[in-house]
Every structure is written in C-alpha cells, then in structure tokens.
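Here the structure is laid out as structure tokens; the discussion comes afterwards.
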Amino acid sequence: MQKLNKNFLAIGAGFVFLVMAVLPWIINDEYMLELVIIFLINVLMATSYRLVTTTGDWSFCHMILVGSGAYATGLISKELGISVWLSIPLAAGVAALVGRAFIYPLLRTVGFGFFIASFAVGEFVRLVWIKFQIPFGGTRGMIGIEPPVLGNIIFYFATPYYLMTLVLVAVSLIAMYRLEKSPIGNVWKSVYEDPELAESVGIDVAKARTQAFTIGSFFAGLAGALLAHRNGSIDPSVFDINAMVLLVIWVVVGGSHTIWGPILGVIAMTLIAEFSRPLLEWRPLIYGSILIITLLFMPDGLEGLIERVSRLFARGKQQVTPKES
Amino acid sequence: MSILELRDVSKRYGGVAALDGLDLQICDGEIRGIIGPNGAGKTTLFNVVTGTQRPTSGEILYNGENIAGLHPSSLARKGLVRSFQRPAVFGSFTVLENLEIAEYVRYGETPLEGIFGLGKSKELRSEKRALEILDFMDLTPFKDEAAANLAHGHQKSVGIAAALAVQPKVLMMDEPVAGMNPTETRHTTEIIRRVRDELGITVLLVEHDMRTVMKLCDNITVLNFGQKLAEGLPKEIRENNEVIEAYLGVEDDVA
C-alpha cells in the first residue's frame with residue numbers, strides 16, 4: 001500500500017515536471033513565463049523555510065538568507081568576475097555560512113523568543129547592506145547583475161532561464177523531500193515534537209536545529225541567487241519585513257506538515273496576487289484577512305483541508321479494515 | 001563495584017542548597033530507590049545526574065569518568081538513560097518508530113547520506129531488537145499505532161521501551177508509577193524488576209509511592225534537606241527513627 005503510494009507520487013511528480021518542461025512552448029507568452037519563473041523561485045523560498053520549521057524553529061530572518069545568496073552571487077560574479085555558473089552555488093554556500101552564524105546565538109532561544117531574536121539578527125544584516133555603499137550599494141542596492149551565458153545561449157531570455165530555474169528548483173525539492181524522509185528528517189521532527197524527550201534518547205537537539213537551519217539557508221541562498229540573476233538588480237527592500245510576512249503567509253496558508261503545503265500556499269497566493277491586481281492598494285488588507293481566516297478555519301492550511309476532504313471520501317473503505325488484536 | 005558515584009555534589013540556588021555535599025554510590029546491577037519528603041532534593045539529584053542541570057560543585061563518576069555537566073544526549077549515548085514522570089512519547093510517530101529513533105541516532109547519518117540514501121542505518125537497523133523490546137514490554141499489539149492515540153498507561157510503557165531502545169546500562173526513572181492504578185503499578189513494578197533481572201540494567205528510581213519502593217528496591221537512600229539522611233535495605237529504612245521523624249515530623253511536647 002505504502003509502496004504503491006510512493007510510486008504514484010513519483011509518477012505524478014515526474015508528469016508535472018515534464019509538463020512544466022514543455023511549458024514555454026505551450027503558453028508561448030513571455031510575461032506568463034516570467035511569472036512562472038518567479039513562482040518557482042518563491043516555491044524554493046517557501047519550501048526551504050518550511051525545512052527550517054520542521055525542528056520547530058519558526059524564524060523571521062529567512063528573507064535575509066535569501067538576500068545573502070542574492071548579494072553573494074552579485075558580488076562574486078560582478079566584482080570578482082567569476083562565472084555565474086560557479087557564483088550561484090557559491091552564493092548558496094555563503095547563505096549557508098550566514099545561516100550557520102545566525103543559528104549559533106539563536107540556539108539559546110526557542111519558540112516566540114526565537115522568532116523575535118531571528119528578526120533582530122536578520123535586521124542587523126539588512127542594515128549592514130543599507131549602511132555600506134561599498135560593496136553593497138546602500139539603499140539603492142546593486143544593479144547590472146548579469147544573467148549566465150552558455151555557449152551562444154543567453155539566459156537573459158525567459159525560456160532558457162525558466163528551464164535552468166526549473167531544473168535547479170526540481171533538484172532542490174527532491175533533495176529536501178529525500179532529506180525529510182531519511183532518518184535525519186525523523187530526528188528533526190522528534191526535536192519539534194518533544195526536545196526534552198529527544199535529548200533523553202540521545203538526540204543532540206542543538207546539532208539537529210543547526211543542521212536544519214543551515215540546510216534551509218543553503219536553499220534560501222540558491223533562491224536568492226536565482227532571483228538576483230533574473231531581475232538583474234537587488235536592493236535591501238526586496239528582503240524586508242513585508243517580504244518575510246508574505247513568506248510566512250505562503251507557509252501558513254499552504255500548511256507546513258509536508259513539503260507540498262508551502263507549494264500549495266505559493267500557488268494559491270500567486271493566483272490571488274494576479275487576480276487582485278486591480279485592487280493593488282487593498283492588497284495588504286486582503287493578505288491579512290487571508291492569514292487570519294486561515295488561522296481560524298484551517299489551522300493545517302490548504303494541505304490539511306485536502307487531507308480532511310480525502311478522508312471524508314475514504315471513510316467508507318476504512319470501516320472494512322479489520323483491526324489487529 | 002559502583003557504576004555511578006556522586007562525590008560531594010552540591011547544587012545551590014543563591015543561598016539555598018538543594019543538594020548539600022551529597023555522596024552516593026550506586027552498585028552495578030542494583031535497583032536503588034531515592035526517597036525523601038517534599039523539597040528534600042530528589043528532583044534536583046535526578047536532574048543533576050541526568051545532565052538537565054549542572055551541579056554547582058562536586059564530581060559525578062560514571063564508570064570512573066566524570067560526567068558532571070554533560071548534555072543529556074551525550075549521557076544517553078554513553079548508556080545513562082532516563083525516563084519521564086509524564087507520559088513522554090513522540091505522538092505522531094508509531095510506537096515502533098518511537099523506538100527506532102534511538103537507532104537512527106546510533107548510526108548518525110550526515111545530511112548528504114540522507115539525500116542520496118547512503119546511510120548505514122537502513123541496513124544495520126534491526127527491527128528485530130525494537131520488536132523484542134516491544135514484546136518485552138507487552139506492547140506488540142500497538143506497534144503500528146500512533147503513540148498519541150494510546151492510553152496514558154501504555155504511553156508510559158512506550159516511554160520505558162524507548163529508553164530501553166537506547167541500550168542503557170543505567171536506567172534512571174522519575175516516578176515510574178505516578179498516577180497509576182494498582183494494576184498498572186503492579187505491572188510496571190514487575191517490568192522494572194525484569195529490566196534488571198533479564199537485561200542486567202542498573203535502575204535508579206525516584207518515587208513517592210512508598211509501597212512500591214519498599215517492594216521493588218534492593219537499597220534505598222533517604223534524602224532530607226539536600227543531604228543523605230539514611231541508606232540501607234528497605235527493612236532498615238522502614239524501622240529507622242530518623243526517617244520516620246523526617247516524614248511525620250517530631251512531636252513538640254517533649255517536656
């Protein structure tokens with residue numbers, strides 16, 4: 001039964017990937033493709049954020065780690081003149097290092113304290129970007145971050161950049177999914193459920209939290225690097241508290257029990273953002289209401305809603321299953 | 001030979017000494033009970049030995065090695081494992097998974113091994129031992145049930161089973177029969193005795209239920225005001241006047 005489910009999942013995911021791989025030739029619309037690129041990057045941000053929360057650490061500095069990746073790839077490719085193909089993975093590594101530095105003091109806090117303290121350390125880094133013209137460019141940020149080039153394919157165009165993003169995001173998602181299904185994923189979950197009990201059965205809670213935070217930071221940095229090379233420019237306001245709140249909304253609306261939750265959240269909120277375009281000035285109000293409604297009526301997010309509905313349909317079958325005594 | 005030894009251990013909170021120069025020796029293979037009136041320092045002693053709190057001064061020797069101030073997780077990996085007074089389980093895990101988590105830790109995988117599925121734990125992980133422990137604890141019928149759905153008493157059993165899965169040499173139990181009815185108490189007492197007899201694990205327990213302590217323990221240590229008041233066989237403790245006084249108080253009208 002479980003194996004069947006697994007195969008079904010793999011086939012389904014493979015099918016979605018194939019459809020997305022030929023998407024540029026199906027929709028043939030630069031603007032739409034541009035949206036899908038941003039959507040994919042947002043998916044990576046949201047899923048990497050959820051990875052951190054699996055140990056129970058809801059941080060409020062994830063966008064700063066995204067920004068660290070973005071600034072890092074900008075500096076490495078522009079100032080040091082290193083190939084973009086190298087600077088993107090390097091940027092993810094830099095973000096992981098920044099995350100590693102963040103988590104060290106943050107380990108002393110849990111729950112709400114962690115949330116606030118992470119905001120503080122993140123804001124410190126963001127103020128550094130604003131204060132230092134050299135090398136970060138101050139409030140105006142960095143411009144002229146070149147897209148990669150491969151032979152005569154220029155990734156400035158949407159289609160090649162889209163395909164590159166799709167592959168990188170897909171690989172990241174598979175890596176995160178497998179990590180969560182591996183013993184390490186279970187260790188992280190146990191830390192979330194009961195840190196005291198986890199310690200008593202030999203789990204080093206500090207180490208587990210550090211691992212999850214650092215790995216989440218790595219993928220956040222990757223998302224940031226992809227964002228920087230797509231937009232060509234970045235500035236500190238891209239990674240400010242508004243962006244962070246939106247990130248939290250994605251994960252809360254979608255649900256955080258599985259990796260699918262944040263993906264659902266990003267899909268839902270992207271659709272809402274597109275359709276609420278005429279109501280631009282009302283957007284914060286709309287987003288805020290959505291967050292509150294979600295918290296009140298579906299605390300497990302869209303993913304929990306889907307599970308509840310499917311259980312409703314499966315109820316008839318359940319009763320037949322004999323109970324082992 | 002003593003497997004666990006406390007030498008002149010003190011724990012102070014400001015001016016108050018919860019433990020005051022305590023010396024204690026636990027022999028390999030015994031069941032030792034720690035009792036005492038409220039505020040005697042039992043819980044502090046438990047926390048200090050399990051690594052939850054760091055002693056202010058003194059040495060805690062485990063197989064001759066000073067372990068004072070080490071984290072609970074490293075103590076657990078050394079074989080010094082605790083169980084909880086509350087029914088502590090990983091609720092969303094099945095009963096079997098609750099036991100297996102200890103095995104994952106033993107083979108400590110790196111994240112990359114996890115991503116590529118190269119970890120050793122999958123092959124080395126023997127469900128067999130976890131199943132044996134479940135059988136030992138009479139939990140086999142529940143092995144695939146989510147731990148959160150079990151009854152209170154069964155959850156406590158799962159807690160003990162999970163502690164056994166860590167392969168302890170010393171099992172430290174915080175009020176193992178607290179909140180249990182007489183049947184459950186008898187069952188748990190039986191299990192603790194079998195843990196020692198059949199698995200050869202030294203047991204150190206802090207308990208309020210005097211009848212259980214008297215029946216179960218080989219030796220009993222009585223604490224009062226952070227110091228050792230008495231130590232000996234259950235029979236000796238029962239007849240010790242100082243202990244009776246500490247529990248019941250001294251009558252004032254001596255004159």
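Reminder, nothing fancy here: chain letters follow the sequence lines and each chain counts from 1.
Using a 4.5 Å heavy-atom threshold, the side chains of A:V205 and B:H71 count as separate. Taking the side chain as every heavy atom from C-beta outward, A:N186 and B:F93 approach each other to under 4.5 Å. B:P111 places a side-chain heavy atom less than 4.5 Å from the side chain of A:L179.
Between the CD1 atom in B:I115 and the CD1 atom in A:I174 there is a gap of 11.0 Å [rounded to 0.5 Å].
A donor-acceptor pair under 3.5 Å links the side-chain atoms of A:E193 to the main chain of B:G91, judged by distance alone. Side chain of B:R82 to backbone of A:S200: no donor-acceptor contact under 3.5 angstrom is found.
Minimum interatomic distance between B:R77 and A:G202 (heavy atoms only, all atoms of both residues): NH1-O, 2.6 Å. Contact detail for B:A162 and A:V201: the closest heavy-atom pair is O-CG1, 4.2 Å.
Among the candidates B:G159, B:A163, B:S92, B:A165, the residue making the largest number of heavy-atom pairs closer than 4.5 Å to chain A is B:S92. Taking chain A as the reference chain and counting heavy-atom pairs below 4.5 Å, the highest number among B:I101, B:V81, B:N98, B:V166 is found for B:I101. Counting heavy-atom pairs closer than 4.5 Å to chain B, the top residue among A:Q211, A:K207, A:K189 is A:K189.
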Evaluate side-chain contact (heavy atoms from CB on, under 4.5 Å) for A:D204 paired with B:S73, printing each intermediate quantity in order.
CA-CA 5 Å; A:D204 188 337; B:S73 58; 4.1 Å; yes
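Within the 4.5 angstrom heavy-atom criterion, only side-chain atoms of B:F84, from C-beta onward, approach chain A. The part of A:I215 that comes within reach of chain B is its side chain, from C-beta onward, which places non-hydrogen atoms under 4.5 angstrom from that chain. If you measure heavy-atom distances from A:L197 to chain B, the contacts under 4.5 Å come from both the backbone and the side chain. At a 4.5 Å heavy-atom cutoff, the contact between A:A198 and chain B is made by backbone and side-chain atoms alike.
Salt bridge present: A:E196 and B:R86 bring a charged side-chain N and a carboxylate O closer than 4.0 Å.
Within 6.0 Å of CZ on A:F112 lie no more than 12 heavy atoms contributed by other residues, nucleotides or ligands. In the displayed structure, B:R54 atom CZ is contacted under 6.0 Å by at most 12 heavy atoms of other residues, nucleotides or ligands. Within a 6.0 Å sphere centred on OH of A:Y192, other residues, nucleotides and ligands contribute 12 heavy atoms or fewer.
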